[in-house]
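Working notes, beginning with the structure itself.
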Amino acid sequence: MSHWNTFERDLEKDVKKLIKSVSGLQDENDVNFQLALKFTWSNFRFHRFLDVNSHKVQNTVDGIHEKLVVHSDMVKAETWKRITTEFLNSPLLSDGKTKTELHYSILSLLLFLSDSPSNSSYTERPRLKEPDSENYFDWGKYLLEGEEIILGPYPDTPVWSEDDDEVEEDSEPLSREDSGIQVDRTPLDDHDQAKRAVQVSWKVGEPDARTWLEQHVVTQYWTAKSSRFSHSLHLHSNLINVWEQHLYNIDPLYTPEEKVFVSETQVIRETLWLLSGVKKLFIFQVHDGKITVRNDVVVTHLTNNCLRSVLEHIAAYGQAVLRLQTFIDDVTGYSIECSLPVVHNGAKKASEPPFRTYQAFVWALYKYFSSFKQELTNIERCIIAKDETITLSAVLERLTPHLAQLKVLHKVFCTGVAEVPPDTPNVVRASHLLNTLYKAIIEYDSIGEASEQAVALLFLLWVETVRPYLEIVDEWIVHGNLFDPAKEFIIQRNKDVPVNHRDFWYATYTLYSVSETVENDEKLSDTASGSSASDQAASAASKQHTMVSFLKPVLKQIIMAGKSMQLLKNLENKESTQEQLSLRDAERKSLYTLFLESVQSRLRFGEESPTDIVTEQQATKRSLIKMQSIVARHLELDDVNDPLLAINFARLYLEQNDFHEKFTGEDIVFDRSSESVTCQTFELTLRSCLYPHIEKRYFECCGNLMQTLKKDYRLTEYLQAMRNYFLLEAGDTMYDFYTAIFDKVFEKESWQQLSFLSVQLQEAVGQRYPEDSTRLSVFLENVDPSKKKQPINNLDGLTLSYKVPWPVDIVISSECQKIYNQVFLLLLQIKWAKYSLDTLRFSELSAAVRRNEGGLFDQESAKEPIKQQIHRMFLLRVKLMHFVNSLHNYIMTRILHSTGLEFQHQVEEAKDLDQLIKIHYRYLSTIHDRCLLREKVSFVKDAIMKVLNLVLMFSSRWQAGFGAWKIESIDKMESDFKNCHMFLVTILNKAVCRGSFPHLESLALSLMAGFEQC
Amino acid sequence: MASVAPNLSAVRETMDVLLEISRLLNSGLDMESLSICVRLCEQGINPEALSSVIKELRKASDSLKTSENVGS
């Protein structure tokens, strides 16, 4: 619109006025208004009409005259003729020209709009000749006269009559002349008119009664018929008239609007009422929840625009009050409605449980408003008492701090409550509100002293609003019961997971809108199954925002403590009696109380301990002396020795500290909020007042849980059992099991029978660990046959399973057992290779040689002497043995044993269950990594597998006896082994040199030693 | 100001005459809307366009009012 010139702006203004006047729509932002505006513009701009033809218009005018004559409406016809001629011959613009195109235009417009003039009854109104010159003259005279007259009897001040007389004004009708200028009247000259205006029929029996009424009853300025009251005729209190006069003089088309005159006192009182939440007012009007200022209200001593701008300023605050008030009504009304169905628990769908965070917020708002209203009432009382002069600006001045607070409140309300989309789940609303408050406090806090009031107010709000949250946390971490019927807490219980379920630890609670870091740490399921799509969108858009930031530093502790407590409660259920618990509970202070007490004591920081109950004066004196000595010491440090300065300093400090009296009252929260001390270090306050309580509770809960798990549920023993069987730490037991399998393989019998395997396992375990024999079982998984090409893969699919009882299965999950099984398989493969090499006997080979001496001797001897070949077999066997033993040693001692020791140590020190689970996972992933089972180093594992395979082939050939295979295969085996060995040595050396895998060093060294001897 | 005043009064008189014409024709315009119309015509708006706009606006606001009444 910047390219518009003034002409177009004027046009736009006029068009808007036209729409307002014709359609009656006053609000420019109204959709209908905008539509009308668009329609009008499109008509003006894009519809084409013929230009006005003066002849045509003249013809039509004549036609109408004729028509009227035909209707034998002679009077009308005559009038028509006369006034049209008169109109065309009078100037329409100030340039004085007649019969211009404009004349015809406006005439044709009227003709277009005309609605059967012949049918309507019309009587010409007598027009006053030259009313303007009269009025013009009248005004100047009137103003002069008014001043002169009034200065005589009341020479004091022009303000006097305004402020003191208004309540007891005479009620008079607003008299108006056609010209639109009202004439001021003195209060005494029209008693009769007053009766008409007020529409109350009273008997003016005695003048005394009437005077009394006039003095004690407020004019009904709100009734449709506007009334006039008398006021000073001093120039200052007639600014509006002067201004109107001026407007009238400069603009010929100026039409004065209907106006309702009110007094400033009335305006002040309406303002006070507006701010205290009254909706039915005269000056301020509520349209669809919006407060607008009446257009036609004026006071005599201000221009319309001036008053309007002041009132609109007030209306903005009134709007804030109204919105907050509506919100308060909504929430409280809602809870009242709800209370009935809640009593009988049947109808839960019809009524939702109360949303406690909003209720607490409303309670805080309500507290604020009651103090605010008290102030308003005080002002009103002053007005009624009429002891002092009260002007609108004085009232505004007095209310300034309150209005600033109101602004802050409204801002917080808008961002925290009003802007939340209506179908947002409670959890997002609650956390958003708390976050908004929290952020607002920090924001205002950073400004410093300038916003002390705001911070104090917000702190009060926050402390109140946070109460339900803290109560939920308290209930959860003390009783293990997450009581949150309205689903407002950021953590919610998934109902379908029972406590004594394996998934309890992970799947029971849903943390809403967590920030990324927490999510990763906790591995919590953020499935948000109950949350709608809008929640997802909202949380995605402002993930950080929806997270309740004040709980963030202790969120992990809360979750841990809560879950631990619930688990613990469930474990202890059978043992401890309820009575004991409730007894203990009675003595306990809730988290919120503890928090309040801490905040309170923090504010008293610097004051002496409250133990010495001496008189106030003594205390002050003593602290003064104490402070003085401290200050003096400080001064001495700076080489200043001035006792007077020290005393003064001490007094200064004391003055800041003497607010402790304020805390003796009941309503500690309210008092504290007015202290700036708290607010300057809001985050510090939280850190020192809230977090320690939560952390203390966390240590208690989790310590208890760890203790219970370790002691009563033998957690460590189960972990040991896992290592015993899966990691073969119970060497003798597992030896019995796996050698039975290996022997079967040697004998070329099928070992892949579940019954056989189970019997072997039970025999082996049952002897030494009878209690575990029922828990441990063996399974054969179907493995893709294409993967079983190599003999070493023969063992694939053999898995152990250990039934871990609840609640230990939270730690040792089935996922963990999978990793255990992977390591188990690797160990079994190494053991197999080692076993098959160990069991080879030299005699077998030499016996075979002897057996075959006859047939093969001739052919073989041609190439190589047979003894040399056997020797080569021996050498290869030893090399292979060295390799396998190095690997075996490395894994069994260097990796499994030492990592196991570290793990045991960590388990002892674990603080909470989550940490324990993490330690266990870390342990598993470490051994998984170090056993080279990771995908990334699979090439190393492949090489090792190749060697192990070689070993198995070698042993089977050895056992088959000399001559059952060709001598080239020994060459092949030798070269294969050499290649693999070299490859491994190079790879491992590289890794060791880089220093990234220090644990590999021993393996690399021993392999290298074997390689050098080749 | 003094030189302008006679002109102003003349114009005001004309406006009064115009109001009479308007009343006689039963056009339904009061003084305020009449002066707005004069201003608009002065700014070059075609009277036919203006009249159609006024009629439409009246019709629309009437239907709006009746619907409000029915609604309430």
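The structure displayed is predicted, hence computed values, not measured ones.
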Reported CD1-to-CZ distance for the pair B:I45 and A:R45, which is rounded to 0.5 angstrom
9.0 Å

Atom pair CD1 (B:I21) and CD (A:E86), whose distance is rounded to the nearest 0.5 Å
8.5 Å

Nearest atoms (heavy-atom pairs only) where A:L18 meets B:L40:
CD2-CD1, 3.9 Å

Taking the side chain as every heavy atom from C-beta outward, state whether A:I64 and B:L25 have any atom pair closer than 4.5 Å.
yes

With a cut-off of 6.0 Å (strictly less than), are more than 12 heavy atoms of other residues, nucleotides or ligands near NZ of B:K55?
yes

Do A:F112 and B:I54 come close enough that some side-chain heavy atom pair is under 4.5 Å?
no

If you count heavy-atom pairs within less than 4.5 Å of chain B, which of A:I19, A:I106, A:L35 leads?
A:I106

Distance, nearest 0.5 Å, that separates SG of B:C37 from CG of A:L110
7.5 Å

Most heavy-atom pairs under 4.5 angstrom with chain B, which of A:F49, A:Y104, A:F87, A:W80?
A:F49

Whatever's closer than 4.5 Å to a heavy atom in chain A on B:L24 counts as both

Within the 4.5 Å heavy-atom criterion, are B:R58 and A:L113 side-chain neighbours or not?
yes

Counting heavy-atom pairs closer than 4.5 Å to chain A, which one of B:S35, B:S61, B:S51 comes out on top?
B:S51

If you round to the nearest 0.5 Å, how far is CG of B:L57 from OG of A:S21?
9.5 Å

Between B:P47 and A:S105, the two heavy atoms sitting closest are CB-O, 3.4 Å

Atom CD of residue position A:E66 - does it have more than 12 heavy atoms of other residues, nucleotides or ligands inside 6.0 Å?
no

Would you find a donor on one side and an acceptor on the other, under 3.5 Å apart, between the side chain of B:N46 and the backbone of A:L50?
yes

Compare all side-chain heavy atoms of B:R39 with those of A:K17 and state whether any distance is below 4.5 angstrom.
yes

Determine whether a donor-acceptor pair (N or O, by modelled atom type, separation under 3.5 Å) exists between the side chain of B:T14 and the backbone of A:P91.
yes

Among A:V22, A:N43, A:T40, A:L11, who wins on heavy-atom pairs under 4.5 Å with chain B?
A:L11

Among B:E42, B:E56, B:M15, B:E32, who wins on heavy-atom pairs under 4.5 Å with chain A?
B:E42

When you look at B:Q43 and A:D10, which way does the side chain to side chain donor-acceptor pair (under 3.5 Å) test go after all the steps?
CA-CA 9 Å; B:Q43 289 175 75; A:D10 281 352; over 6 Å; no

